[in-house]
Structure formats: structure tokens, C-alpha cells
Amino acid sequence: NEMLPSEAQFDLIETDKQLSRLIVPAIAFQSEKDEYVSPKSYDMLKEYPIFETILLKNSYHNYYSEEDFLIIKEKFKEIIL
């Protein structure tokens, strides 16, 4: 019998399909201490050359430390200006 993928595996397969279709560079910020988003998500995005991945060392899901917020602001300035 062929095993069906679990719901989580299916989500990863579908996410991979969608991410591989991206043609515009993107930035992904991941808080190192995020309580909701798995560090595996950050690792997965690092595999796509179109993503610039930035790990925020002192932040959580809903809170950015002052130093991490400056990193975010500077990155947005680079994009806009």
C-alpha cells in the first residue's frame, strides 16, 4: 500500500511548489525566539536563492527588540531608497 502524505507533509509539498514559482527577490525575517514559527521554516527558506533570510536574534513572534527593529528598518530603507 502506498502511504498518503500527512497533512503537514502535504502543506510542505504545496509550500515548496509555491515558493519555487517566485521570480521576485524576497526577504524573510525570522525571530530566533519565535514561539509560533518553527526554525525549520527559516532553514527551508534559506534553501531558496531568491530569499534573503535574516535571523532576528533578540525578538519573538509579536515583539521586536530595539536592535532587531533597527535591522528591519534599515533593510526596508535599502529596498525603498
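This structure is a prediction, so every number in the text was calculated from the model and none was measured.
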TODO: Treating Ile, Leu, Val, Met, Phe, Trp and Tyr as nodes and any side-chain heavy-atom pair under 4.5 angstrom as an edge, say whether Ile27 and Phe51 lie in one connected cluster.
DONE: no

Task: Ile79 reachable from Leu56 in the ILVMFWY side-chain graph, under 4.5 Å edges - done: yes

Side-chain touch [X]/[Y], heavy atoms, less than 4.5 angstrom:
{"X": "Glu52", "Y": "Ile54", "answer": "yes"}
{"X": "Lys75", "Y": "Phe29", "answer": "yes"}
{"X": "Tyr48", "Y": "Leu22", "answer": "no"}
{"X": "Leu19", "Y": "Ile50", "answer": "no"}

TODO: Verify side-chain contact (heavy atoms from CB on, under 4.5 Å) between Asp43 and Thr53, making sure each step is shown before the conclusion.
DONE: CA-CA 9 Å; Asp43 294 336; Thr53 51; over 6 Å; no

Would a distance-only check, ignoring hydrogens and angles, find a side-chain to backbone donor-acceptor pair under 3.5 Å from [X] to [Y]?
{"X": "Asp68", "Y": "Asn58", "value": "yes"}
{"X": "Ser59", "Y": "Ser65", "value": "yes"}
{"X": "Glu32", "Y": "Leu55", "value": "no"}
{"X": "Ser41", "Y": "Val37", "value": "no"}

- [ ] Rounded to the nearest 0.5 Å, what's the gap from OG on Ser38 to CE on Met44? Could you check?
- [x] 9.5 Å

Which pair of heavy atoms, one from [X] and one from [Y], lies closest together, and at what distance?
{"X": "Ser31", "Y": "Tyr64", "value": "OG-CE2, 4.0 Å"}
{"X": "Tyr42", "Y": "Gln30", "value": "CD1-CB, 3.4 Å"}
{"X": "Lys33", "Y": "Tyr60", "value": "O-CD2, 3.3 Å"}

Task: Ionic contact status for Glu67 with Lys57, cut-off 4.0 Å - done: no

Open item on the list: Quick check on Glu66: does its CD atom have over 12 non-hydrogen neighbours (other residues, nucleotides or ligands) under 6.0 Å away?
Closed with: no

